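Order of listing sets the numbers, starting from 1, for every ligand and every atom in it. This is a predicted model, so every value here is computed, not measured. FYI, side chains are in, hydrogens and waters are out, and symmetry mates aren't considered; it's all heavy atoms of this structure.
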Amino acid sequence: TGTTRPQRLLRAVQERATRGDSESVIAAIDHFCRHQEWAMNVGDEKGFILDSVVSEVSPQTALELGTYCGYSTVRIARLLPPGGHLITLEFNPNYAAVARQVIAWAGLEDMVQVVEGASGDWIPHLREHFGIESFDFVFLDHWKELYLPDIKLLEECGLLRKGTVLLADNVICPGTPDYLEYVRKSQSYESHYFGSHLEYTRAEDGLEKSVYLG
Ligand SMILES: Cc1ccc(Cc2cc(O)c(O)c(C(=O)NC/C=C/[C@H]3O[C@@H](n4cnc5c(N)ncnc54)[C@H](O)[C@@H]3O)c2)cc1
Ligand SMILES: [Mg+2]
C-alpha cells in the first residue's frame with residue numbers, strides 16, 4: 001500500500017513550495033501535474049480565468065463545491081478581500097485531509113473552512129451552521145451531474161442573491177450538459193462561456209460564469 005496521488009501532490013508542495021507563499025504552492029502543484037502526474041485541478045490556464053472572476057467579484061462570502069487537493073481553494077482564498085471567507089465542501093475524508101495541509105502550507109487556513117461531507121447534505125445547513133446569509137461567489141468543480149441539483153438547492157435555500165456569481169469548471173470536458181442548458185435558458189441567470197483547455201492538456205474545456213438575477 002503506497003501513497004495516493006493526493007499524498008504525492010502534497011509531498012511535492014511541502015518539498016517545493018515556501019510555507020506561507022500561496023503563489024509557490026500553486027506553482028508547485030502545476031509543476032507536479034505537468035511533469036509528474038496529471039491531477040484534476042482547475043490548472044493554470046483556467047485558473048487565470050478563475051482569478052479574474054474572483055478579483056472582479058471580490059467576495060466576502062464564497063462557496064466551493066469539491067475541494068479535492070485544495071488547488072482552486074488556494075487560488076480563490078489568496079484573492080479574497082479583508083474579511084472574506086471561503087467554505088469548501090469535500091466528501092472524501094482523504095482528499096479533505098490533504099487539502100487542509102495544502103491550504104495551511106499556503107498560509108490561508110484563516111480564510112478557509114474545509115467542510116467534510118456531501119454538498120446535498122450540507123447546503124441546507126450552511127446558514128444555521130456558519131451564519132451565512134447568502135453567497136457572493138460559488139465555484140462548482142465536483143461531480144458534474146451534481147452541478148444542476150446543487151444550484152437548484154442553493155436557490156431553494158435562499159443562499160443566492162441578486163448578483164451572486166456562479167463559476168463552473170469542466171462545462172465541455174467532462175461536460176455538464178443539463179447544467180449548461182439550465183443556466184443558459186433560465187430567466188434567472190445571465191451566462192457567459194470562457195473557452196480554455198482541460199488542465200495540463202490541449203483538449204477543449206471551459207468555464208461558465210452565470211450571474212443570478214433573483
Ligand atoms: C472523460 C473525462 C474524465 C476525466 C476528465 C478530467 C476531469 C477534469 C476536471 O477538471 C474535473 O473536475 C474532473 C472531475 O471528474 N471532477 C470531479 C471532482 C470531484 C471532487 O469533488 C468531490 N465531490 C464529489 N461530489 C461531492 C459532493 N456531492 N460533495 C462534496 N464533494 C464532492 C470528490 O471527492 C472530489 O474531490 C475530471 C475529463 C474527461
Ligand atoms: Mg474540474
Side-chain angles (χ1 to χ4, degrees), residues 4-10 13 26 29-30 32-34 36-51 53-54 62-76 86-103 112-126 129-130 132 135 137-157 159 166-180 183 193-210:
T4 64
R5 179 167 305 178
Q7 286 169 331
R8 295 191 292 273
L9 181 149
L10 171 61
V13 166
I26 292 165
I29 295 172
D30 285 330
F32 174 81
C33 292
R34 278 194 188 286
Q36 260 104 339
E37 305 180 57
W38 184 91
M40 59 181 178
N41 315 119
V42 73
D44 48 355
E45 190 181 321
K46 288 187 288 178
F48 186 77
I49 300 167
L50 170 62
D51 289 357
V53 174
V54 172
L63 174 67
E64 176 180 59
L65 303 179
T67 317
Y68 188 45
C69 295
Y71 174 88
S72 48
T73 320
V74 167
R75 288 201 81 112
I76 295 165
L86 170 62
I87 291 175
T88 181
L89 306 184
E90 175 51 59
F91 73 21
N92 180 312
N94 301 314
Y95 295 166
V98 164
R100 285 194 176 94
Q101 295 174 81
V102 167
I103 294 156
V112 178
Q113 190 110 30
V114 179
V115 177
E116 235 170 279
S119 50
D121 297 338
W122 264 102
I123 286 170
H125 300 288
L126 292 176
H129 213 88
F130 297 100
I132 300 275
F135 287 105
F137 176 78
V138 182
F139 182 56
L140 298 96
D141 195 19
H142 58 337
W143 290 161
K144 307 314 160 192
E145 64 276 7
L146 294 181
Y147 283 21
L148 183 53
D150 280 352
I151 65 157
K152 286 185 170 174
L153 187 55
L154 285 165
E155 286 175 25
E156 285 157 27
C157 296
L159 288 167
L166 308 181
L167 191 65
D169 190 26
N170 309 118
V171 296
I172 302 298
C173 178
T176 63
D178 58 344
Y179 173 83
L180 269 193
V183 291
Y193 174 68
F194 292 86
S196 183
H197 296 91
L198 179 66
E199 51 267 27
Y200 318 114
T201 78
R202 304 159 67 90
E204 187 192 352
D205 190 20
L207 302 168
E208 186 83 359
K209 175 190 171 189
S210 306

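For the residue pair Asp30/Tyr200, the side-chain donor-acceptor check at 3.5 Å is satisfied.
The Mg ion (ligand 2) has no N, O or S atom of Glu199 inside 2.8 Å of it. Among the atoms of Asn170, an N, O or S atom is found under 2.8 Å from the Mg ion (ligand 2).
Side chains of Phe139 and Asp169 form a contact here, defined as non-hydrogen atoms less than 4.5 Å apart. No side-chain heavy atom of Val138 sits under 4.5 Å from any side-chain heavy atom of Asp150. Taking 4.5 Å as the limit, every side-chain heavy atom of Leu207 sits out of range of all side-chain heavy atoms of Val171. When side chains are defined from C-beta on, Leu65 does not count as touching Trp122, because their heavy atoms never get closer than 4.5 Å. At a threshold of 4.5 Å between non-hydrogen side-chain atoms, the residues Cys157 and Leu153 count as touching.
Nearest N/O/S atom of Asp169 relative to the Mg ion (ligand 2): this is OD2. Of all the N, O or S atoms in Asp141, the one closest to the Mg ion (ligand 2) is OD1.
Under a 3.5 Å cut-off, the side chain of Asp205 and the backbone N or O of Ser196 do not form any donor-acceptor pair.
The Ala118 neighbourhood of ligand 1 comprises atoms 29 (N), with distances under 4.0 Å to a heavy atom of that residue. Each of the following atoms of ligand 1 lies closer than 4.0 Å to a heavy atom of Gly117: 29 (N), 30 (C). For ligand 1, the atoms closer than 4.0 angstrom to any heavy atom of Tyr68 are 36 (O). Listed by number with element, the atoms of ligand 1 under 4.0 Å from a non-hydrogen atom of Asn92 are 34 (O).
Here the two rings, on His142 and Tyr147, have centers that are under 6.0 Å apart.
The shortest contact between atom 21 (O) of ligand 1 and any protein heavy atom is with Gly66 CA, 3.4 Å. The nearest heavy-atom contact from the protein to atom 10 (O) of ligand 1 is Glu199 OE2, 2.5 Å. At the shortest separation from atom 31 (N) of ligand 1 among protein heavy atoms lies Phe91 N, 3.2 Å. Shortest contact from atom 11 (C) of ligand 1 to any protein heavy atom: Asn170 OD1, 3.2 Å. Considering only non-hydrogen protein atoms, atom 23 (N) of ligand 1 sits nearest to His142 CB, 3.8 Å. Protein heavy atom at the shortest distance from atom 29 (N) of ligand 1 is Ser119 N, 2.9 Å. At the shortest separation from atom 18 (C) of ligand 1 among protein heavy atoms lies Asp141 O, 3.4 Å. In terms of protein heavy-atom proximity, atom 3 (C) of ligand 1 is nearest to Pro174 CG, 4.2 Å.
In this comparison of Lys144, Glu64, Glu116, Lys46, the heavy atom closest to atom 14 (C) of ligand 1 sits on Lys144.
The closest approach between Leu198 and ligand 1 falls below 4.0 Å for a heavy atom of the residue. Distances from ligand 1 to the non-hydrogen atoms of Tyr200 include no value under 4.0 Å. Taking a 4.0 Å cut-off on heavy atoms, Ala203 fails to register as neighbouring ligand 1.
Here's the thing with Glu90: one of its N/O atoms is less than 3.5 angstrom from an N/O atom of ligand 1. Looking at ligand 1, you won't find any N or O of Cys173 less than 3.5 Å from one of its N or O atoms. At under 3.5 Å, not a single nitrogen or oxygen of Trp38, backbone or side chain, sits near a nitrogen or oxygen of ligand 1. The shortest N or O to N or O distance between Asn41 and ligand 1 is not under 3.5 Å.
Scanning all heavy atoms of the two residues, the minimum distance from Lys46 to His197 falls at CE-O, 3.5 Å. Heavy-atom minimum distance, Leu9 versus Cys69: CD2-CB, 3.9 Å. For the residue pair Val42 and Glu199, the shortest heavy atom distance occurs at O-CB, 3.6 Å. Residues Asn41 and Cys33 approach most closely at OD1-SG, 3.1 Å, considering heavy atoms. When all heavy atoms of Phe48 and Arg75 are compared, the pair lying nearest together is N-NH2, 3.8 Å. Heavy-atom minimum distance, Arg100 versus Val114: NH2-O, 2.9 Å.
With a 4.0 Å heavy-atom cut-off, ligand 1 is reached by the side chain of Tyr95 but not by its N, CA, C or O. At a 4.0 Å heavy-atom cut-off, ligand 1 touches Asp169 through the side chain alone. Counting heavy atoms under 4.0 Å from ligand 1, residue Leu146 touches it through the side chain alone.
Atom-to-atom distance recorded for Leu154:CG and Phe135:CZ is 7.0 Å, nearest 0.5 angstrom. Here the straight-line distance linking atom CD1 of Ile103 with atom CD of Gln101 works out to 10.5 Å at 0.5 Å rounding.
Within the 4.0 Å cut-off (strictly below), no protein heavy atom is located near atom 1 (C) of ligand 1.
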